[in-house]
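What follows is a set of notes on a single structure, which appears directly below.
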Amino acid sequence: MGRYLTLLTLQLRTSALLAAQYRWDFLIDGCISLVWAATAIAPLLIVYAGRSSQAIPGWSMNEALVVTGWFILLQAILDGAINPGLAAVVDHIRKGTLDFVLLKPADAQFLVSTSRFQLWRIVSVGTGVAVFAVAFHRLGRWPSLLGVAQALLLLCVATMVLYSMWILIVSTAFYVVKVDNLTYMFSSIFDAARWPSSVFRGLLKLVFTFVIPLALMTTYPAEALLGRLEPVTLLYALLASAGFATASRTVWLLSLRRYSSAGG
Amino acid sequence: MISVRGLKKHYRVHKRAPGLRAAVKSLFKREYTTVPAVDGIDFEIKPGERVGFLGPNGAGKTTTLKVLSGLLYPSEGEVRVDGHLPQKREVAFLSKIMLVMGQKQQLLWDLPPADTFELNRAIYDVPRDEMKKRLGNLVELLAIGDVIQKPTRQLSLGERMKCELAAALVHGPKVLFLDEPTIGLDVSMQVVMREFIRTYNEQFGATLILTSHYMDDVAALCPRVIVIDKGRLSYDGGLAELVQRVRPEKRVAFRLSAAVPLAQLEALGKVVRHDAAEAVLQVPMDQVNTVVGKALASLPVKDLTVENPPLEEVMSELFSRSRADAAGKGRAA
Ligand SMILES: Nc1ncnc2c1ncn2[C@@H]1O[C@H](COP(=O)(O)OP(=O)(O)O)[C@@H](O)[C@H]1O
Ligand SMILES: [Mg+2]
């Protein structure tokens with residue numbers, strides 16, 4: 001355990017060194033983050049324009065803004081911490097350099113997952129928090145301590161689910177060499193998480209609750225901050241993340257076994 | 001140290017004919033073929049030995065090394081390395097071996113090699129003071145003191161390969177598999193690498209298996225060679241004996257003070273090359289003395305040397321012979 005903590009620190013240090021080498025990325029990522037925030041908020045403004053309240057059932061515009069805040073936050077985690085390391089796996093598989101990872105006496109999933117972070121994406125975390133501040137300022141109240149605690153727990157849960165989904169997608173790279181289409185599809189689906197889950201009806205609602213639990217990623221934490229999360233939802237979220245984590249670990253291990261390394 | 005018994009590794013590959021029609025068909029019905037990359041080989045290697053794997057492209061050398069280092073499951077047979085079953089990939093096993101691949105690199109591209117060394121130190125849990133000593137030694141032997149702080153992408157191929165070796169040796173492996181470690185390097189750099197590999201073997205008593213395209217690597221480093229061809233072991237023993245077996249002939253080169261007619265040379269042996277000032281004959285081992293005696297008596301010889309035929313030629317003859325054998329069998333069947 002101690003060794004893995006040391007390793008994580010070292011990997012973070014490596015990414016920090018890289019981030020320092022590419023200092024200008026700070027500005028670029030900062031600008032990208034602002035553009036992202038704008039594109040995340042703009043649809044809300046359009047939807048709520050004219051019909052001032054309840055354009056989305058059960059959500060005022062300011063409440064929906066809290067969901068947008070979570071969307072920005074999770075996007076930052078996805079782009080900054082989850083995506084880069086796992087993109088590296090796909091690259092490793094293509095070039096056959098995954099061999100080097102597998103030769104190391106440490107867990108391969110851990111090594112690849114922590115191999116790269118885009119640290120400048122931290123800027124977006126600030127943007128997300130700023131969106132929360134604006135939303136609650138306009139609502140004229142602040143989240144309760146319990147709400148914040150629940151929200152932080154859900155943040156961990158959501159991160160775990162996102163990470164597990166990525167592992168599942170990356171595992172397919174062991175079978176098909178091009179996973180670009182899959183990752184593109186995933187990004188498009190994740191995009192739906194910008195809306196409170198009540199906009200989806202029927203089949204989509206079922207899919208986004210149980211198959212790809214988008215609700216768990218942005219809607220539930222927003223409800224937690226707004227102080228209206230049902231405790232049973234929290235339980236469901238915990239179970240779902242445990243399920244996803246187990247499934248992704250199993251699939252990863254199975255795929256590794258199949259890996260017979262690119263020729264050379 | 002290493003024992004391989006009846007090792008087979010068959011790859012199952014998805015067979016697909018070219019063309020769109022076949023591609024669509026293969027979506028529904030997949031056909032597989034088996035590639036017998038390694039097809040039943042046995043050998044034993046003692047601690048501290050340096051062994052060279054020889055064989056034409058696609059013979060199964062890399063596959064064997066990958067099985068030995070635990071990257072691939074053997075399809076059949078048993079492999080043991082220092083008492084471990086490699087495919088279990090136990091920490092104790094992985095900590096004492098390393099596979100270096102000349103065509104692939106583990107160094108982080110955008111960062112200096114020193115950062116990769118440090119990462120490997122943490123992964124292998126090497127104590128800091130031991131690391132300092134070991135790295136100091138590696139840096140000195142490889143003369144890479146002034147490159148390990150530069151980003152890898154700025155290094156020349158030779159510098160990079162030296163750093164690759166250093167990164168692979170940070171944990172002091174007792175067993176080292178080297179798959180074409182000198183590929184693409186210029187001759188002087190090949191010599192440097194060779195010397196280093198030998199020194200590492202001698203200083204630490206590490207066991208070593210090397211494959212190389214350059215016969216000189218194997219000749220300089222490995223007293224013992226194993227020839228693999230189409231997944232089968234076709235020779236295991238000393239290099240000199242192998243050369244004798246394939247080409248039981250020597251080359252006698254004469255420097256001449258006057259031109260000699262071809263017919264006169266042909267009377268002595270097979271003429272490999274000849275011009276006004278020089279002639280090279282190929283002579284069976286047991287006739288070298290007689291031929292030299294006759295030549296000195298009858299030709300205007302200024303100087304003379306007796307050599308083995310070039311290794312590259314011996315190997316290409318060996319491999320083309322095995323291909324001809326296979327073709328012969330194919331026709332007979
Ligand atoms: N991952 C793989 N999948 C299918 N076939 C492979 C794979 N790797 C190697 N082969 C095949 O196995 C045979 C042996 O390859 P290899 O061990 O790389 O030979 P060598 O290193 O001696 O050149 C070749 O015919 C090669 O095409
Ligand atoms: Mg090879």
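In the text below, chain A, chain B and the rest are named by the order of the sequence lines, each starting its count at 1.
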Query raised in the report: Are A:Leu102 and B:Leu94 close enough, and set up right, to give a side-chain contact (heavy atoms from CB on, under 4.5 Å), and what steps lead you there?
Result: CA-CA 9 Å; A:Leu102 297 176; B:Leu94 293 174; over 6 Å; no
Query raised in the report: Out of curiosity, A:Arg258 CZ to B:Tyr73 OH, how far, rounded to the nearest 0.5 Å?
Result: 15.0 Å
Query raised in the report: For the candidates B:His171, B:Met101, B:Glu180, which exhibits the highest count of non-hydrogen atom pairs separated by less than 4.5 Å from chain A?
Result: B:Met101
Query raised in the report: Side chain, backbone, both or neither: which part of B:Glu118 has a heavy atom under 4.5 Å from chain A?
Result: both
Query raised in the report: Partners of A:Lys104 by salt bridge (Lys or Arg N to Asp or Glu O under 4.0 Å), sequence neighbours excluded?
Result: none
Query raised in the report: Which of residues 106-114 of chain B have a heavy atom under 4.5 Å from any heavy atom of chain A?
Result: B:Gln106, B:Leu108, B:Asp110, B:Leu111
Requested in this report: Count the heavy atoms of every other residue, nucleotide or ligand shown that sit under 6.0 Å from CE of A:Met160, and state whether that count exceeds 12.
Outcome: no
Requested in this report: With chain A as the partner chain, list the residues of residues 77-90 of chain B whose heavy atoms fall under 4.5 Å from it, by residue number, and write 'none' if nothing qualifies.
Outcome: B:Arg89
**Report entry** Residue pairs involving residues 88-113 of chain A (criterion ring-ring contact (aromatic ring centres under 6.0 Å, His included); sequence neighbours excluded)
**Finding:** A:Tyr4-A:Phe110
**Report entry** Over 12 foreign heavy atoms within 6.0 Å of CZ, A:Arg194
**Finding:** yes
Report task. Output the option from A:Leu103, A:Leu10, A:Leu7, A:Thr97 having the highest count of non-hydrogen pairs under 4.5 Å with chain B. Result -> A:Leu103
Query raised in the report: In terms of heavy-atom proximity below 4.5 Å to chain A, should B:Asn57 be classed as side chain, backbone, both, or neither?
Result: neither
Requested in this report: Quick one: which of B:Leu119, B:Leu99, B:Asn120, B:Asp125 has the most heavy-atom pairs under 4.5 Å with chain A, could you say?
Outcome: B:Leu119
Query - Heavy-atom proximity to chain B below 4.5 Å, by part of A:Leu98 - result: neither
Report task. Drop me the distance from B:Leu65's CG to A:Asp99's CG, to the nearest 0.5 angstrom. Result -> 11.5 Å
